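To start, the structure under review is shown below, and the notes come after it.
One-based numbering along the sequence shown. Remember, it's a predicted structure, so these values are computed and weren't measured experimentally.
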Amino acid sequence: MDPLDVISNIDKVIPYYQPIFSADEHKIIGYEVLGRILKDNGEAVSLGPFFKGNDIPDEYKIEVDQKVTAEAIRQFIKSDQQGLIFINKDARLLMLDHGESFLEQMLSFKTQGLQLNRIVLELSEKTFQGDFEQLVHVLLYYKTYGIKVAIDNVKGNIGELDRLSLFSPDIIKVDLSQLRNDAGNKMYKDILFSLSVLARKIGASLLFEHIEINYQLQFAWLNGGRYYQGYYLRHPSNEFVQSNILKDKLKERCQNFIRYEKKHLEAGYQFAEDLHKEINRILTLLKKQTQDYDQLLTGLADAFTDKCFRLYMCDENGFQVTSNILKVHGKWEIHERFKGKNWSWRPYFLENIIRMRINKKGLLSDIYSDIDSGEPIRTYSYPYGDGMYLFIDLSYEFLFEEESLLY
């Protein structure tokens with residue numbers, strides 16, 4: 001895109017608006033402002049390449065950006081919008097004057113009826129090479145005026161979650177473009193889960209963007225997404241639309257997600273209940289033959305050879321009191337070197353021990369990656385008695401066959 005064509009035709013630069021929908025009310029809660037330029041044939045062309053171009057002068061980008069922002073806010077005020085308006089800014093350009101021009105522009109519209117708490121500054125900071133602490137200081141200053149901060153361009157390659165939290169963002173935007181199907185990159189899914197945990201801890205809302213298929217919407221709902229955005233819901237346009245335009249559709253989708261998730265959870269609980277009864281039955285028989293823990297586990301392994309690949313027992317402090325009974329090339333082996341190892345450092349280990357001790361019931365873990373094989377597995381934990389706890393690692397092959405458990 002020729003920058004001179006854009007600057008010389010700046011009167012043809014206009015804002016477009018992409019709706020953002022809420023998970024709780026299923027309605028539009030705001031719009032992201034996107035820059036467009038009208039061609040002679042009436043086609044509105046995205047200004048994304050213009051703003052991202054490294055060879056385009058900063059002053060050109062700033063002039064066009066201010067034009068788009070000003071027109072968007074005027075229309076926002078004129079149409080008496082009650083939601084939020086998301087305004088994109090490049091962190092480097094924002095900090096050229098320490099953020100003063102942006103704040104001045106927002107304050108100039110305050111006298112025209114703009115409420116600053118409806119402004120969401122959508123910031124992409126991944127390529128920012130300036131004074132990071134100064135950027136954070138400016139954003140925190142904006143927040144004293146009621147301006148909200150959204151961190152954009154959060155993808156699967158994010159490495160410094162602690163850096164992200166320093167912004168104290170109100171909203172974290174998560175790009176779902178890499179997640180096109182259920183067989184999507186597992187590491188990417190794990191990172192998105194980490195983001196959802198971070199958002200909850202720092203009090204930020206998750207906004208999942210680039211939703212183009214139903215699976216992505218379901219993933220966003222399942223992983224704590226409060227807001228949704230993407231072509232699957234609504235394409236950008238040059239006008240604001242009725243806030244309840246997708247209310248019925250989103251309510252229906254949500255009900256489908258709820259039914260699916262309840263079915264999945266019920267299957268997991270029923271499986272755990274059945275497995276608990278089966279372990280009780282088999283242990284009752286085995287205890288009549290031996291009291292040796294390794295022999296008991298070997299007997300259990302034979303009984304559950306189609307379900308699991310590893311069994312062991314620990315005390316309530318996490319110290320392993322048995323060998324690992326491990327399936328190697330289809331045959332069970334006893335690996336004594338694991339005796340005495342402590343597993344209390346594992347996430348949720350002690351919490352689950354206490355839950356089993358109090359409830360006298362076993363627990364089925366979520367899907368996680370096995371440290372040795374890297375495959376997705378689940379672990380069933382069982383209160384053996386006498387302060388001992390049995391752990392049965394369910395194989396990926398078994399989970400895949402059951403389907404409802406591989407989720």
Trp332 side chain to Thr305 side chain, donor-acceptor N/O pair below 3.5 angstrom: yes

Expected output: side-chain Tyr142 to main-chain Leu121 donor-acceptor under 3.5 Å: no

Distance-only side-chain donor-acceptor flag, Tyr260 / Gln218, under 3.5 Å: no

NZ/Lys249: more than 12 non-hydrogen atoms of other groups inside 6.0 Å: yes

Glu25 backbone acceptor or donor facing Lys247 side chain under 3.5 Å: yes

Presence of salt bridge, Arg281 and Glu278, under 4.0 angstrom: yes

Side-chain (Asp170) to main-chain (Ser205) donor-acceptor, under 3.5 angstrom: no

Donor on one side chain, acceptor on other, Ser344 and Asn342, under 3.5 Å: yes

Residues Tyr368 and Thr379: side-chain donor-acceptor under 3.5 angstrom: yes

Any donor-acceptor N or O pair under 3.5 Å, side chains Ser196, Asn223: no

Distance-only donor-acceptor check, side chains Gln270 and Asp274, under 3.5 Å: yes

Lys/Arg-Asp/Glu bridge criterion (N-O < 4.0 Å) met for Glu71, Arg74: yes

Check: Gln81 side chain, Ile77 main-chain N or O, donor-acceptor pair, under 3.5 Å: no

His335 atom NE2: more than 12 heavy-atom contacts under 6.0 Å: yes

N-O pairing of Lys173 and Glu32 below 4.0 Å: yes

Result of checking Phe309, Phe271, Phe304, Tyr380 against Phe398 for ring-ring contact (aromatic ring centres under 6.0 Å, His included): Phe271

Salt bridge (Lys or Arg N to Asp or Glu O under 4.0 Å) evaluation trace for Lys89 with Asp65: CA-CA 8 Å; Lys89 291 291 178 182; Asp65 176 69; 2.2 Å; yes

Whether Tyr312 and Phe391 hold their rings parallel, tilted or perpendicular, with breakpoints at 30° and 60°: parallel

Residues, nucleotides or ligands: over 12 heavy atoms within 6.0 Å of Asn41 CG: yes

Neighbour count above 12 (heavy atom, 6.0 Å) for Asp248 CG: no

Short side-chain donor-acceptor distance under 3.5 Å, Arg253 and Asn256: no

Any donor-acceptor N/O pair, Gln105 side chain to Gln66 backbone, under 3.5 Å: yes

Qualifying residue for salt bridge (Lys or Arg N to Asp or Glu O under 4.0 Å) with Asp393, from Arg310, Arg378, Lys327: Arg310

